[in-house]
Amino acid sequence: MTTTTPRPAAPSAQVSRPRWWRRPWVAPLMVVAVAFIAFSLPPYLSLDPARSRVPAPDFFPPHFVMLSLHVVFGSIAMITCCLQIWPWFRARYPRAHRLIGRVYVFGGCLPAGVLGLVVGVATPYGPVTRASDVTLALLWLGVTVAGWRMARQRRFVDHRRWMIRSFALTMSIITNRLYSVLFVILLEPQLETTFHGDVELMVATVSGLATWLGWVLPLLVAEWWLERGDAAKRRARARRTA
């Protein structure tokens with residue numbers, strides 16, 4: 001009679017949690033967001049319309065109030081989304097992730113998006129900027145609501161995808177400002193030639209270029225990253241099931 005030596009039980013698979021230090025982009029992102037908010041927010045907390053960085057159009061007196069609230073709620077969205085996209089934080093503190101996610105959606109993106117829509121319609125920088133601001137506000141509201149609905153339906157893969165798009169649009173204000181500085185440097189020498197000395201025309205041109213590129217390019221990068229990441233995951237799943 002032969003006996004079979006029982007094989008030792010395979011160790012239970014442990015879920016590997018992402019290490020906080022394996023995401024070197026998180027800390028620089030937070031530093032940039034905090035620095036941007038520290039620069040952008042004080043003029044609007046002062047309640048002094050003269051300190052506004054966007055001139056109020058004569059036809060819309062509530063512009064400064066709505067712009068100030070937009071900046072405040074947008075700042076909340078920027079700070080909270082830095083924590084929301086941090087894999088280590090999500091894995092270690094899932095309850096905090098859910099609570100901060102609600103703040104991000106209902107205390108940040110949604111009020112900032114609605115106010116941004118109103119402020120965008122009343123922008124003093126012309127129709128090109130107006131079209132960009134309105135499109136951005138509608139997309140920001142749409143992708144954020146879609147991400148929240150996916151979480152409510154426990155479709156977490158789709159939730160992640162929509163919230164990455166929301167994150168790209170939330171942080172696009174930073175790239176918007178960078179493009180503004182770049183185009184001012186590039187176009188100011190052409191003030192007397194290309195723009196015939198018309199400062200308002202140059203400002204409208206700079207604003208139109210910066211607003212469109214500011215959110216379109218980050219959103220395209222987010223889509224590229226999603227497709228690249230999802231393709232890698234599909235290949236990994238195929239290898240495991242082969």
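- Side-chain atoms of Thr129 and Ser207 form a donor-acceptor pair, as typed in the model, at a separation below 3.5 Å.
- Listed here is the closest heavy atom pair of Ser52 and Leu67: OG-CD2, 3.7 Å.
- Here the two rings, on Trp212 and Tyr179, have centers that are 6.0 Å apart or farther.
- No donor-acceptor pair closer than 3.5 Å links the side chain of Ser40 to the backbone N or O of Ile37.
- Hydrophobic clustering keeps Leu117 apart from Ile173 (ILVMFWY residues linked when any side-chain heavy atoms are closer than 4.5 Å, directly or through intermediates).
- Rounding to the nearest 0.5 Å places CZ of Arg102 at 10.0 Å from CH2 of Trp148.
- Interatomic distance, CZ of Arg177 versus OG1 of Thr211, reported as 9.5 Å (0.5 Å rounding).
- Across every non-hydrogen atom of Thr175 and Pro218, the tightest pair is OG1-CG, 3.6 Å.
- Both Leu169 and Val32 are assigned to one and the same hydrophobic cluster, defined by single-linkage of ILVMFWY side chains at heavy-atom distances under 4.5 Å.
- Side-chain atoms of Tyr104 and Ser166 include a donor-acceptor pair closer than 3.5 Å.
- Listed here is the closest heavy atom pair of Leu29 and Cys82: CG-SG, 4.0 Å.
- Taking the ring centre of Phe39 as origin, the terminal cationic atom of Arg53 falls inside the region bounded by 6.0 Å and 45° from the ring axis.
- No continuous path of hydrophobic side-chain contacts links Val71 to Val134 [ILVMFWY only; heavy atoms under 4.5 Å].
- Clustering ILVMFWY residues whenever any of their side-chain heavy atoms sit less than 4.5 angstrom apart, transitively, puts Ile174 in the very cluster that holds Leu217.
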Side chain to side chain contact (heavy atoms under 4.5 Å, CB included) between Leu191 and Val199: does it pass, once the steps are laid out? CA-CA 7 Å; Leu191 176 59; Val199 176; 4.2 Å; yes
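- Across Pro189 and Leu186, no two heavy atoms sit closer than the pair CD-O, 3.6 Å.
- In plain terms, the two heavy atoms of Tyr44 and Val54 that are nearest each other are OH-N, 4.0 Å.
- The salt bridge (charged side-chain N to carboxylate O under 4.0 Å, His left out) analysis of residues 56-75, with sequence neighbours excluded, yields no pairs.
- Pairs passing the salt bridge (charged side-chain N to carboxylate O under 4.0 Å, His left out) check and including a residue from residues 209-226, sequence neighbours excluded, read Arg165-Glu223.
- At distances below 3.5 Å, at least one donor-acceptor pair connects side-chain atoms of His70 with backbone N or O atoms of Ala112.
- Taking all atoms of both residues into account, the shortest heavy-atom contact from Asp133 to Gly120 is CB-CA, 3.6 Å.
- Side chain of His159 to backbone of Met150: no donor-acceptor contact under 3.5 angstrom is found.
- When the side chain to side chain donor-acceptor pair (under 3.5 Å) test is applied to Thr194, the partners found at least two apart in sequence or on another chain are Gln190.
- A single hydrophobic cluster is seen to contain both Leu45 and Met78, as judged by linkage of ILVMFWY side chains at heavy-atom distances under 4.5 Å, directly or through other members.
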